[in-house]
Amino acid sequence: FFFQAEDGIRDYKVTGVQTCALPISPWLRGSPANLTLLLGLVLAVALGVWLFRTRVGYEMRVLGLNPGAAEYAGVRPGRAQTLAFALAGAVAGLGGTSFVLGYKHWFELDFTAGAGFMGIAVALIGRSHPLGIVLAALFFGTLAYGGLVVNQRVPADLVNVLRALVILFAISAHALFERAARRRAR
């Protein structure tokens, strides 16, 4: 690896090291999608089955919803939290693998800047359900890629504002739908 300082202080890029491309299918050529898209979909299904069909998954959901009740029910919070952090780190590592091997084809320092905040937004929009998260992630990925494609004609800040508006409208719409459903139930 050869590191080169751009400003002498902070920005480093790896030069001369490139990874292999991971193709997915001919109809996705030219896009950043690759084999890790299928891996992510399989992983979402596996995590959905694990969360909703196993005892450990149930313990994770209960601990996330109400830690006091989970501890009272016999869930060991330390063990469950450690497992949740380990699984989250593994999934995040796969996301980084997708970015390095499939999109850029090289490693770049700080390539994940902002990914955590986008992950929180995806989880909020997807209502912390695997299917919702897949749909929200595909939507935000499409929005981000569309922002890159129209970057020459539309400022990048406008794409960021559009993302923020989508998040605000989705969260507000959900609250309005819940309120309307409660009114109907009365």
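Count residues from 1 along the sequence. Values below: every heavy atom of this structure, side chains too, minus hydrogens, waters and symmetry copies. Just so you know, these numbers come straight off a predicted model, no measurement behind them.
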Next item on the list: Walk me through it: do Y58 and R53 pass the test side-chain contact (heavy atoms from CB on, under 4.5 Å)?
Entry: CA-CA 8 Å; Y58 177 75; R53 300 285 183 216; over 6 Å; no
Next item on the list: For V134 and V45, run side-chain contact (heavy atoms from CB on, under 4.5 Å): C-alpha distance rounded to whole Å, both residues' side-chain angles, the deciding distance at 0.1 Å, then the answer.
Entry: CA-CA 10 Å; V134 166; V45 169; over 6 Å; no
Margin query: Does I125 form a side-chain contact (heavy atoms from CB on, under 4.5 Å) with F140? I'd like the steps, not just the answer.
Written below: CA-CA 10 Å; I125 299 294; F140 276 108; 3.9 Å; yes
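Closest approach of G48 to P130, counting heavy atoms only: CA-CG, 3.5 Å. Counting all heavy atoms, side chain and backbone alike, G126 lies closest to A136 at N-CB, 4.0 Å. Across every non-hydrogen atom of V75 and P77, the tightest pair is O-CD, 3.0 Å. The minimum heavy-atom distance between A80 and L63, with the atom names listed, is CB-CD2, 3.5 Å. When all heavy atoms are compared, the tightest approach of V62 to A70 is CG1-CB, 3.5 Å.
Between E59 and R76 there is no salt bridge, since no side-chain nitrogen of the basic residue lies less than 4.0 Å from a carboxylate oxygen of the acidic one.
No more than 12 heavy atoms of other residues, nucleotides or ligands shown are found within 6.0 angstrom of CZ on R79.
Residues L51 and L94 fall within the same hydrophobic cluster, defined by Ile, Leu, Val, Met, Phe, Trp and Tyr side chains chained together at heavy-atom separations under 4.5 Å. A single hydrophobic cluster is not seen to contain both L37 and L135; linkage of ILVMFWY side chains at heavy-atom distances under 4.5 Å, directly or through other members, places them apart. The hydrophobic cluster containing L131 does not contain I133, counting ILVMFWY residues as joined when their side-chain heavy atoms lie under 4.5 angstrom apart, directly or transitively. Both V56 and V91 are assigned to one and the same hydrophobic cluster, defined by single-linkage of ILVMFWY side chains at heavy-atom distances under 4.5 Å.
Between the CG atom in L87 and the CG atom in L43 there is a gap of 9.0 Å [rounded to 0.5 Å]. A distance of 6.5 Å separates CZ of R183 from CZ of R179, quoted to the nearest 0.5 Å. With values rounded to the nearest 0.5 angstrom, H129 atom NE2 is found 8.5 Å from R61 atom CZ.
No side-chain donor-acceptor contact under 3.5 Å links T36 to the backbone of L39.
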Using a 3.5 Å cut-off and no angle test, enumerate the donor-acceptor pairs between side-chain atoms of residues 158-173 and protein atoms at least two apart in sequence or in another chain.
| unit_1 | atom_1 | unit_2 | atom_2 | d |
| --- | --- | --- | --- | --- |
| S172 | OG | L168 | O | 2.8 |

